[in-house]
A.B. asks: 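Provided herewith is a single structure, encoded as C-alpha cells, for subsequent inquiry.
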Amino acid sequence: MEYLTTTQLMKKAQKAEGKSFKEIDITNRLSNKNSKGGLGQVIEESLFGYKINSNAKPDFEHLNVELKVTPFKRNKNGKLAAKERLVLNIINYMEEINYTFETSSFWKKNQQMLLMFYEWLPYVNREDLKVFKSVLFTFPESDLEIIKHDWEIITKKIRDGKAHELSEGDTNYLGACSKGANKQSLRFQPNSTTLAMQRAFSLKQSYMTALVRKHLKKDNLVSLTTSGELKKKSLEDILISRFSPYKGLSAKQISENLGVAYKPTGKSFIPLLISSLLGIKGTKLENIEEFSKANIQFKTIRLEPNGKPEQSMSFKNIDFQLWTNEEWENSYIRKTFYETKFLFVIFEFKEKKKDNPNREPYFKGIKLWNMPVTTIENEIKQLWEEVNRLIATGVQIEYKPYGKKLREYNNFPKKNFNGVTHIRPKGQNGEDKVTLPNGQVITKQCYWLNDTYIASLLKDLN
DNA sequence: GCATGATCATGC
DNA sequence: GCATGATCATGC
C-alpha cells in the first residue's frame with residue numbers, strides 16, 4: 001500500500017484510534033510473546049502493510065516520515081505523562097562525528113514523525129492496550145535550536161573520546177540513551193581505546209511528557225524564550241543573562257524590583273522570584289516549557305561568608321521498599337541523577353548568623369548542573385549498595401540520651417562516607433517513622449549531597 | 001565549628 | 001495528612 005500524501009497517511013493512522021493492538025494485529029504477531037518492539041511492528045505490518053526494516057532512512061521515505069508508536073500513562077494525580085523516553089536511531093560513534101546537524105543520522109531519520117500514542121495501563125496485557133491518538137509531529141523552531149545544541153554536545157563528547165561518559169543529563173531535550181541487550185553491548189569510539197556502551201538518540205521522557213500533555217490534553221506550557229533568541233544563545237546563556245542583572249542584590253531588593261511580596265520563609269517565594277525575573281511571573285516552574293521538557297529542577301543554595309553552603313542539600317525521602325527491590329541499573333536514585341538537570345540558584349550571606357540573626361541573603365548567580373557519570377557510578381552507587389547491605393544485614397538502631405530526651409542513632413552512611421553523599425533522618429516529628437523491608441522501624445530517612453561537595457561544584461562560579 | 005539527628009513551616 | 005524545603009540544637 002502506498003500513501004501519496006501525509007494527509008492520506010494520517011487518515012490511515014487515525015483509523016486505529018480507539019482500537020486495541022489485538023484488533024489491529026492481522027498477522028497474529030502478538031501471540032509470539034517475546035518479540036520486543038512488537039507493538040510498533042503490529043502497526044507497521046498490519047495497519048500500514050509494509051515489511052519491518054532497520055533502515056537508516058525514515059519509515060515512509062517518500063514522505064520523509066518516521067513512524068513511532070509510544071506509550072503514555074496517567075499519574076496518581078491524574079496528570080498524563082510519557083511512560084518512557086522515545087528511542088530513536090542508534091548512534092554510530094565512528095560516523096556521527098563526520099556530520100553536521102543537517103546531515104546527521106538523527107536529522108535524516110527523525111525530522112518528521114508520525115507519533116502514535118497508546119495508553120499504557122498497569123496489569124493489562126499489551127495486546128489489550130489501545131491506540132489513543134496519532135500526531136504528525138515536526139519540531140517547533142525553538143525546540144529545534146535546543147536540540148541542535150544538544151546534538152553538538154553529544155558529538156563533541158564523542159569526538160573528544162568520551163563516548164563512554166555520555167549521559168542523558170548532559171543535554172536538554174535530545175539525549176544519548178544506552179541501548180543494547182546489556183552492559184556488554186559495547187562499541188568502538190573515535191579518539192579513545194575505551195569501548196563505549198551502544199547508545200541511541202532519544203527524546204527524553206520529560207520532553208515526551210510535555211508532548212503528551214500538549215497534544216493529548218492541550219496543556220499549555222509557558223516559554224521563557226523565543227526561537228530567535230535561541231538561535232543566538234544557548235538555553236544556559238539565556239538563563240544566565242536573565243538572572244545576571246540581579247547579581248549582588250539582596251532577596252529583598254530583588255523582590256521589590258520585581259514587585260513580589262517579600263516572604264522569605266514561604267515555600268513559593270523563590271519560585272515566584274524565578275518566574276518573575278524570567279518575565280513569566282506566577283507561572284509554576286514545572287509549567288515553564290524549557291524546564292519541563294529538559295527536566296530542570298531548581299535548588300536554592302545559601303552560602304556562608306566562607307563560601308560553603310549553610311547546609312547540605314536534601315532530596316527526597318527514601319522509599320526503602322523500592323531501594324531494595326531494584327537493580328542498580330534501574331534504580332530510582334541512578335535514574336534521578338542521570339536524567340535531572342539542576343538549576344542552582346545561589347545566594348550568599350555576608351555576615352555570620354551569630355553576628356546577625358536577621359542577615360539577608362544576596363543573589364550570587366546560577367549554575368546549570370548535572371551529576372557527572374563517574375560520580376553517579378562511584379559515590380552514588382556506593383551509597384545505594386551500602387544502604388542495601390545494611391538493610392540485608394540489619395541496621396544498628398540505638399537510642400541514647402541527648403539533652404533531656406532519647407535520640408535515635410543509626411549506622412547509615414554519614415558525611416564522612418565518601419565525600420559526596422550521606423543519609424540523614426527527615427521526619428515531621430518524633431513519630432514520623434517507616435518500616436524497613438527487613439521489619440525494622442526507623443525515623444524516615446533522606447539522602448543528601450554534602451555541603452563540601454556542593455561547595456566544590458561552585459568553585460568556578462564567577 | 002562541625003556532624004548529626006530532630007523538627008518546623010508551608011503548601012497541596 | 002503528608003512530603004519537602006529549611007533550619008534548629010546538642011555534644012564532641
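Basis for what follows: all heavy atoms, side chains included, without hydrogens, waters or symmetry-related copies. Letters A, B, ... mirror the listed sequences (proteins, then strands); counts begin at 1.
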A.B. asks: Is the phosphate of C:dA6, meaning OP1 or OP2, less than 4.0 Å from a side-chain N or O of A:Ser314?
C.D. replies: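 Negative; the distance criterion is not met.
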A.B. asks: C:dG5 P sits how many Å from A:Ile274 CD1, rounded?
C.D. replies: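 It is 13 Å, rounded to the nearest whole Å.
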A.B. asks: Give a yes or no on whether the ring-centroid distance for A:Tyr262 and A:Phe269 is below 6.0 angstrom.
C.D. replies: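 Centroid distance A:Tyr262-A:Phe269: below 6.0 Å, so yes.
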A.B. asks: What residues, two or more places apart in sequence or in another chain, satisfy side-chain hydrogen bond (donor to acceptor under 3.5 Å, both in side chains) together with A:Lys252?
C.D. replies: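 Result, side-chain hydrogen bond (donor to acceptor under 3.5 Å, both in side chains) vs A:Lys252: none returned.
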A.B. asks: Would you mind telling me which residue lines up with the more 5' stretch of DNA chain B, A:Asn306 or A:Thr443, judged by nearest nucleotide?
C.D. replies: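 The 5'-side residue here is A:Asn306.
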A.B. asks: Is the phosphate of B:dT7, meaning OP1 or OP2, less than 4.0 Å from a side-chain N or O of A:Lys426?
C.D. replies: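 No.
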A.B. asks: If you check every side-chain atom of A:Arg407, which of B:dG5, C:dC2, B:dG11 has the closest atom?
C.D. replies: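 Of B:dG5, C:dC2, B:dG11, B:dG5 is nearest to the side chain of A:Arg407.
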A.B. asks: Tell me whether the side-chain N/O atoms of A:Arg424 come closer than 4.0 Å to OP1 or OP2 in B:dA6.
C.D. replies: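 No, no such contact exists.
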A.B. asks: Taking the six-membered ring for Trp and the single ring otherwise, decide whether the centroids of A:Phe337 and A:Tyr332 are under 6.0 Å apart.
C.D. replies: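 For A:Phe337 and A:Tyr332, the ring centres are not under 6.0 Å apart.
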A.B. asks: Pick the nucleotide of DNA chain B nearest each of A:Tyr409 and A:Lys354; which residue has the one closer to the 5' end?
C.D. replies: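 Counting from the 5' end, the first nearest nucleotide belongs to A:Lys354.
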A.B. asks: Could you state the atom-to-atom distance from CG of A:Asp432 to P of C:dA3 in whole Å?
C.D. replies: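 For the pair A:Asp432 CG and C:dA3 P, the rounded distance is 7 Å.
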A.B. asks: Should the pair A:Lys247-A:Glu348 be classified as a salt bridge under the 4.0 Å nitrogen-to-oxygen rule?
C.D. replies: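 A salt bridge is absent here (no side-chain N lies under 4.0 Å from a carboxylate O).
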A.B. asks: Can you tell me the distance, in whole Å, between the CG atom of A:Asn411 and the C1' atom of B:dA3?
C.D. replies: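 To the nearest whole Å, that distance equals 16 Å.
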A.B. asks: Do the side-chain N or O atoms of A:Lys284 get closer than 4.0 angstrom to the phosphate oxygens (OP1, OP2) of B:dG11?
C.D. replies: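 Answer is no, no contact under 4.0 Å.
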A.B. asks: Between B:dA3 and A:Lys414, is there an OP1 or OP2 to side-chain N/O distance shorter than 4.0 Å?
C.D. replies: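 No.
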A.B. asks: Using a heavy-atom cut-off of under 4.0 Å over every strand shown, decide if A:Lys353 touches base, sugar-phosphate, or nothing.
C.D. replies: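 Counting heavy atoms under 4.0 Å across all strands, the contact made by A:Lys353 is with sugar-phosphate only.
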A.B. asks: Please state how far atom CD in A:Glu431 lies from atom P in C:dG1, giving the value in whole angstrom units.
C.D. replies: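 In whole Å, C:dG1 P and A:Glu431 CD are 14 Å from each other.
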A.B. asks: Check the distance between B:dC12's C1' and A:Glu286's CD and give it to me in whole angstrom.
C.D. replies: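 So the two atoms are 11 Å apart, to the nearest Å.
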A.B. asks: Nearest-nucleotide wise, let me know which of A:Pro401 and A:Lys267 is further upstream toward the 5' end of DNA chain C.
C.D. replies: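 Counting from the 5' end, the first nearest nucleotide belongs to A:Lys267.
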A.B. asks: Please determine if A:Lys444 and A:Glu431 form a salt bridge, counting it only when a charged side-chain N lies under 4.0 Å from a carboxylate O.
C.D. replies: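 No, this pair does not count.
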A.B. asks: So A:Asn410, base contact, sugar-phosphate only, or nothing? Heavy-atom distance under 4.0 Å.
C.D. replies: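 Result for A:Asn410 = sugar-phosphate.
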A.B. asks: Look at the side chain of A:Lys308 and decide which nucleotide, out of B:dA3, B:dT10, B:dG1, has an atom nearest to it.
C.D. replies: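 Between B:dA3, B:dT10, B:dG1, the one nearest the side chain of A:Lys308 would be B:dA3.
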A.B. asks: Can you tell me whether the side chain of A:Glu408 and the base of B:dA6 have a donor-acceptor pair closer than 3.5 Å?
C.D. replies: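 Donor-acceptor pair under 3.5 Å: no.
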A.B. asks: Closer than 4.0 Å, any side-chain N/O of A:Arg302 to the OP1 or OP2 of C:dG5?
C.D. replies: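 It does not, given that no N or O in the side chain of A:Arg302 lies less than 4.0 Å from OP1 or OP2 of C:dG5.
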A.B. asks: Among C:dT10, B:dA6, C:dT4, which is the nearest nucleotide to the side chain of A:Trp448?
C.D. replies: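 Of the options given, the side chain of A:Trp448 lies nearest B:dA6.
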A.B. asks: Looking only at side-chain atoms of A:Lys405, point me to the closest of B:dA6, B:dT7, C:dA3.
C.D. replies: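 Of the candidates, B:dT7 comes closest.
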A.B. asks: In whole angstroms, how far is the P atom of C:dC8 from the CG atom of A:Asn358?
C.D. replies: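 That distance rounds to 11 Å.
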A.B. asks: For A:Gly403 and for A:Lys316, locate the closest nucleotide of DNA chain C by heavy-atom distance; then report the residue assigned to the nucleotide nearer the 5' terminus.
C.D. replies: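 Going by which nucleotide is closer to the 5' end, it is A:Lys316.
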A.B. asks: Please state how far atom CG in A:Leu285 lies from atom P in B:dC12, giving the value in whole angstrom units.
C.D. replies: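 From A:Leu285 CG to B:dC12 P: 12 Å.
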A.B. asks: Send over the distance from A:Asn429 CG to C:dG1 P, rounded to a whole Å.
C.D. replies: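 One finds 12 Å between P of C:dG1 and CG of A:Asn429, rounded.
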A.B. asks: With respect to the phosphate group of B:dA9, does any side-chain polar atom (N or O) of A:Thr265 fall under 4.0 Å of OP1 or OP2?
C.D. replies: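 Result: no.
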A.B. asks: In this structure, is the centre-to-centre distance between the rings of A:Phe349 and A:Phe347 below 6.0 Å?
C.D. replies: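 Here the rings of A:Phe349 and A:Phe347 have centres that are no less than 6.0 Å from each other.
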